[in-house]
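See below for the structure under consideration.
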Protein chains: 2
Amino acid sequence: MTMREQRDLPTSSYVILGLLATCGPSTPYELKKLIDGSIGYFWDFPRAQLYVDPERLTQQGLLAEERETTGRRRRVYRITAQGEAEVRRWLDEAAVAEVEMRDTGLLKLYFGSLLNPADVVELARRERDLHQRRLATYEMIRAELEHEPAQAFAFATLRMGVAYERMSIAFWEDVAKAPPTTTLDAAGS
Amino acid sequence: MTMREQRDLPTSSYVILGLLATCGPSTPYELKKLIDGSIGYFWDFPRAQLYVDPERLTQQGLLAEERETTGRRRRVYRITAQGEAEVRRWLDEAAVAEVEMRDTGLLKLYFGSLLNPADVVELARRERDLHQRRLATYEMIRAELEHEPAQAFAFATLRMGVAYERMSIAFWEDVAKAPPTTTLDAAGS
DNA sequence: GGGTACATGTAATCAGTTACATGATTTA
DNA sequence: TAAATCATGTAACTGATTACATGTACCC
């Protein structure tokens, strides 16, 4: 009988474990709300996942489920000691270079040679606007978190978000101002 | 009979279409090589996808497949006129706010309250190192692309990558120097 | 008590990933 | 020509996403 190598859970599951560990027992719906206002900005999960994952995690003994007996009969999940151990193990684990920007705009820019210059500028402006809107959202959340000591870690990740959006805005403004071109002679006569 | 809404292809398919449009006919293996040296740094796709997707795309008339009759009998794909139209349509399409950083380190930082401060510093250092290594890789590629006018768009996306890595390094150094803490009184007596 | 928004759950589908299996080319 | 490496394809599985179906609470 082969010993099956211990594999990591999907990322969505760690988010669920982490939220239940830090925010206490919650329903899938509440988890979605929490994610939408925080983590979801840089790593989103579809709602259904938050119903499917906890079931699996409960079977694995990492969560405990309690179902309301009246009204909406919702499932309230809380993390078990084993679940806390697993999320701590994951947090301590040395990272294996997992960063993916997954920026559709950047992907499109990579294929910019298929567009004419005017459309590249158009793309750059759309992207700049998109990042400006997101920056505005972040600044609002930032104002709310700024003086809540309990939210120090949320605040730190948000700072990263703000820096990223500012950088993106500057980048796309650059692109709009001086769009790359694969023809040798774009500006000169 | 309901008219089915025209849905976007998965992102992997647009990458395949884009690469075939810009680099000419290729095998799945060649596509993987192309991706590994460019797009893969910010949006990676597993090798198998590059065998599965083209089959679907061929059925949809967006690609044409030609199979070698000798040797490895590999499948060489080339983009059709219809395929080119589709990738251009996608490029022109107004973006719908699709950016996800998917940074595991940032996710872990969000749950930093579950760690003790020393482990937060540890995490920050690991992340800083990771981004430093990636920056070094980018700088090397940058040197290669710098004076190749045909690669102007690849160069532009790379500039973004470099900016992002520099920002990340600064961010994680900050975190390592002054790790957030949820206890009210970390430094004072 | 009827309408509306909020909330919940599940089934079906599709994409993403791992694992397996094999073949071709190169080089010693 | 044997061994090593490079290359290719597919099947099985797991996770992610969409679509469907329904129920509860609230407000007027």
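Throughout, a chain's letter reflects where its sequence line sits, starting with A, and its residues are numbered from 1.
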### Task
Check whether the ring centres of B:Phe111 and A:Tyr14 lie less than 6.0 Å apart, and answer yes or no.
no
### Message
Is there a path of hydrophobic side-chain contacts, each under 4.5 Å between heavy atoms of I/L/V/M/F/W/Y residues, joining A:Ile169 to A:Leu123?
### Response
no
### Query
Reckon A:Arg75 has a side-chain N or O less than 4.0 Å from the OP1 or OP2 of C:dG9?
yes
### Task
Would you kindly give the CG-to-P distance between A:Asp53 and C:dG9, to the nearest whole Å?
15 Å
### Task
Tell me which nucleotide among D:dT8, C:dG9, C:dA15 gets nearest to the side chain of A:Pro28.
C:dG9
### Query
Just to confirm, is there a sub-4.0 Å distance from OP1 or OP2 of D:dA16 to any side-chain nitrogen or oxygen of A:Ser12?
yes
### Message
In whole Å, I'd like the distance from the CG atom of B:Leu50 to the C1' atom of D:dA7.
### Response
14 Å
### Summary
Picking from C:dA19, D:dA19, C:dA15, the nucleotide nearest the side-chain atoms of B:Arg47 would be C:dA19
### Query
Any side-chain heavy atom of A:Thr157 sitting closer than 4.5 Å to one from B:Leu107?
no
### Message
Just the rounded figure in Å: distance from P of C:dG23 to CZ of B:Arg67.
### Response
13 Å
### Message
What is the separation between atom OH on A:Tyr51 and atom P on D:dT17, rounded to the nearest whole Å?
### Response
17 Å
### Query
Out of C:dT17, D:dG9, C:dC6, which nucleotide sits closest to the side chain of A:Tyr29?
C:dC6
### Query
Applying the side chain to side chain donor-acceptor pair (under 3.5 Å) test to A:Glu86, which of A:Arg89, A:Gln82, A:Arg88 qualifies?
A:Arg89
### Separation of atom CZ in A:Arg102 from atom P in C:dA15, rounded to whole Å
15 Å
### Closest nucleotide among C:dG9, D:dA7, C:dT17 to the B:Lys33 side chain
D:dA7
### Message
Heavy atoms from C-beta onward define the side chain here; which of D:dT8, D:dT10, C:dA15 lies closest to that of B:Thr27?
### Response
D:dT8
### Query
Between D:dG15 atom C1' and A:Arg56 atom CZ, what is the distance in whole Å?
7 Å
### Query
So, is A:Arg74 near the phosphate of C:dG9, with a side-chain N or O under 4.0 Å from OP1 or OP2?
no
### Query
Please give, in whole Å, the distance from C:dA15 P to B:Gln49 CD?
8 Å
#### Entry: Within 6.0 Å of CD in A:Glu65, more than 12 heavy atoms from elsewhere
yes
### Task
Specify the separation, in whole Å, of atom CG of B:Asp44 and atom C1' of C:dT18.
15 Å
### Query
So which nucleotide from D:dT17, D:dT8, D:dG15 ends up closest to the side chain of A:Ala48?
D:dT17
